[in-house]
Amino acid sequence: MQLRRKQSGFTLTELAVVFTIIVLLIGGAMMTFSAQIEQRNSDETLRRLNAAAEAVVAFSIVNRRLPCPARFTGPASHSQGLESFCPAGVPTGACAAGTETTVVQVHGNCSNFFDGFLPAVALGVNPVDGLGFAVDPWNNRLRYAVSGAVTGCTTPPGPPPAGTRVFTSQANLKTYGLSCRPNDLDVCTSSACTARVVSTQTAVFVVYSTGKNGAGAPAYGADETENTDGDAVFVSRTPSGPDAALGNYDDHVVVIPAGVAYSRLISAGVLP
Amino acid sequence: MKSAFPGRQRGAALILFATVLILGVAWFTVGALGKAAPTPSDREIRSGNTLQDAKRALLGYAQQYAARTVGAGSAEPGQMPCPEALTSIGTASEGIAAAACSNVAPVVGRLPWRTLGVDQLRDGDGEPLWYVLSPGFRSSPINFGTPGQLSFDGAPNAAVALIIAPGRPLNTLPFPGVPSPASCAKVNQQAAARNTAPLNVANFLECGNAGTNFENVGTSQWTNDRVITVTAAEWADAIGASVGDRLQRQIAPVLADWDAIELAATGRSWGATHGLPYLPYASAWSDPTANIYCGSQGQTEGLAPIAIGCSNNPWTGIAVVLGLVNIGCTDAGPFLRCQFMRLLALPPFSVVITATSQDVARAFRSTIDAADLTVTGGGTATLSMALNGATSDATATINATWPPALAPFTVVEVQIPHLTDAAVLGDARLSWFRTNNWHHYAYYAVGPAYVASPALPCAAPSDPGCLIVNGLPASTGIPDDKRLAMVLSGRALAGLAQPSPVLGNYFESQNASTGDRTFEALTVTGVFNDRIAACPFQHTPAGGGPIALCN
């Protein structure tokens, strides 16, 4: 009876089978669940980027210019989610590290045209991290790049002097007017830029997220590196894993063409 | 045996099976959530939002394109982009507007998203959007009066462009009965053929949209297209600001500074050569499609006098002679010929010719100076010019002399070239304005102090010879020191018709009154859509002095 009583429980085999099934089921559920979370995060990122783009356009209507990107050089040196300009005496070109200012400059010369972040505090965008930068669902900061060069401006007054910042300066935007097209941002389908997402001289600003894998470590594809290398070339394409021919890519990029930005400024009576 | 501890065994099994069951349900639930197929309403919402985004991008592009003054299409502001060519799919041109397309038939193709500057927009079924362009929006004339010539939902001339969400491939062959509406044909669209060049429109669009009777049928088993229109009014409102900007930056400065353009082109001008600068009188207002666009005496407001050949009047002359016999002045085609003969009188030999050309100051006319005169027989001549403000006539006074050695019985002559159209009328910056008939939509006003022989001064702001333009931004100068103002009417506002002889059908508020020298720049709304260009006008860029857009 004692023996039988002990045997009347579950055998090791039975338990093993049951636990295996449970583990498999939990594993499957977790994988599906995490995929779903990823999808939700991805959707949420796009939503935040679109909201950020709207906020930038709204800012431009109120302030009659596009905002400068926020600067984050390091935890001890950043613009606290505000716009970052070069100082008053540097209306063109780059400015020396440490001289950047968050005081709005009429010359519109941003300190970080292509390697800056969304100026969330200036735009009133939420949610932000402890330093005032807007973040995506993975707590990576949303980035923002704005055009700093133009072409095609009507005469008069004609092409602005070299280095003049048009889109980020209220006075210059009004002076040089609707005919100016952005002439630097280039949104491509790969870092080699053999094909473009949008035609050149079209994009006036981009807001983007570096995706789940962020921008910190070097183990990312060339296309992701392109988006954080500080130049005016950006890559937007469908996500791919590390095994893909073009390497890892999980960034999300939202492009706003100059036409859309201008037409909003016109309807608001800001231009021409 | 059987009854020993049965409860325990059953209980444990129940818990285990319950766990398995719960996990299984959870697994399926989570799995189902993750892959949840969008509901029909999700798809409709996505299609609708995407169509709106596409329309915004399309109008934004057309607006920015209209502001361009160099490059392709800059001669036709308001030109709409072509759809992507049907053969572009799979090539580097995918997403790029075709460089050329018909101006006389509707053009159908995919939305040129790369050209517009947006990501490839897809409808609720994941299909890229299509785009239909009306005839008339590729070649001049393109202006506020250009009708959208697409038929939509049975209404002719209803739209400038359509954006269509094509939906998933449909197979309506198995459906019984005859399609309703009658415009629908039974189709069997092939998903596989949707990525093969050249694209077949009927493989994407159904019913009238596969032809030229475009429609938005809505929920129907025969079609799943979703269509939004860009109306002519929406298009006109989008490009109005750009055309207004070009009026301020190109047309107003060209007309206001025509004297300098004339000097640069011919080496002489009324202002620089004779000290008689003028802006020609306006052409008296009438139905702009029937106006002659030649200035009318005394009219400081109306339509721009930019027609070719206005006031193309020859010189007529009389001469007073000394020592010579006056044979007379006759028109010799390109010039007035005044002939004289020496008989036997003694020197000096001289004549004074008074030549008159009518209506000169009513138009943009060239001028001449002494070097343009041809004097035969070794004579020389001087010339002085006057403009009569009451008649607009030009009077040239020519003093010609010949040397004492002039042989007896010699016939000598003075040739006075007729005045021609001023160089400004051939200026490249003016050509888009004229070829697209934008002058039908532009009011032209000159300050009374700037016509020929003005009676009123505009030496200081608010002088009675100045125009007043209220509502310009503060940085653009003084409001009441203007010498030239042009007003671009918008499209006809609701309830008003264009073309029309009625000023109020074009211009609003202060701009609809004539003769009060006063104009108004307001924010464009549903009841005010005028756009003002004025001279002088300036902007001030950052870190510099004001830049004059027009002097």
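Below, chains carry the letters A, B, ... as their sequence lines are ordered, and counting in each starts from 1.
Proximity to chain B is absent for every atom of A/Pro91, based on heavy atoms less than 4.5 angstrom apart. For A/Thr155, the part lying under 4.5 angstrom from a heavy atom of chain B is the backbone only. Heavy atoms closer than 4.5 Å to chain A are found in the backbone of B/Thr540, but not in its side chain. Only the side chain of B/Pro473 comes within less than 4.5 Å of a heavy atom of chain A; its backbone N, CA, C and O stay farther away. Neither the backbone nor the side chain of B/Ala66 comes within contact range of chain A, judged by heavy atoms closer than 4.5 Å. Residue A/Thr154 touches chain B through both its backbone and its side chain, counting heavy-atom pairs closer than 4.5 Å. Heavy atoms of B/Ala92 lying under 4.5 Å from chain A are absent altogether. Using a 4.5 Å cut-off between heavy atoms, A/Val253 contacts chain B through its backbone alone, with no side-chain atom that close. Contact annotation for A/Leu178: both backbone and side-chain heavy atoms come within less than 4.5 Å of a heavy atom of chain B. Contacts between A/Arg264 and chain B at a heavy-atom distance below 4.5 Å involve the side chain alone, from C-beta outward. For chain A, the nearby parts of B/Val118 are the backbone and the side chain; heavy atoms of each come within less than 4.5 Å. Only the backbone of B/Leu116 comes within contact range of chain A, judged by heavy atoms closer than 4.5 Å. With a 4.5 Å cut-off on non-hydrogen atoms, B/Leu549 touches chain A through its backbone and its side chain both. For A/Thr202, the part lying under 4.5 angstrom from a heavy atom of chain B is the side chain only.
Between chain B and the options A/Val255, A/Ile266, A/Val106, the largest number of non-hydrogen pairs under 4.5 Å is found for A/Ile266. The candidate from B/Thr523, B/Val70, B/Leu59, B/Thr115 with the greatest count of non-hydrogen atom pairs under 4.5 Å with chain A is B/Thr115. Across B/Ala238, B/Gly117, B/Ala241, the residue that shares the most heavy-atom pairs under 4.5 angstrom with chain A is B/Gly117.
The distance from atom CG of A/Asn172 to atom NE2 of B/His539, rounded to the nearest 0.5 Å, is 11.5 Å. Remark: A/Ile256 CD1 to A/Leu66 CG distance equals 10.5 Å, nearest 0.5 Å.
With 2.5 angstrom as the limit on SG-SG distance, A/Cys95 and A/Cys86 come in below it.
If you check the side chains of B/Gln248 and B/Arg246, you find no donor sitting under 3.5 Å from an acceptor. With hydrogens and angles left out, the side-chain atoms of A/Asp223 and A/Ser191 include a donor and acceptor closer than 3.5 Å. For the 3.5 Å distance criterion, the side chains of B/Arg56 and B/Gln52 fail to qualify, holding no donor opposite an acceptor. Residues B/Ser74 and B/Thr69 bring no donor and acceptor atom of their side chains to less than 3.5 Å of each other. Between the side chains of A/Arg181 and A/Gln201, at least one donor-acceptor pair of N or O atoms lies under 3.5 Å. For the residue pair B/Glu94 and B/Ser88, no side-chain donor N or O sits within less than 3.5 Å of a side-chain acceptor on the partner.
Using a cutoff of 4.0 Å between basic side-chain nitrogens and carboxylate oxygens, B/Asp42 and B/Arg46 are not scored as salt-bridged.
Each of A/Asp43, A/Leu46, A/Val207 was compared with A/His252 under the side chain to side chain contact (heavy atoms under 4.5 Å, CB included) criterion, and only A/Leu46 meets it.
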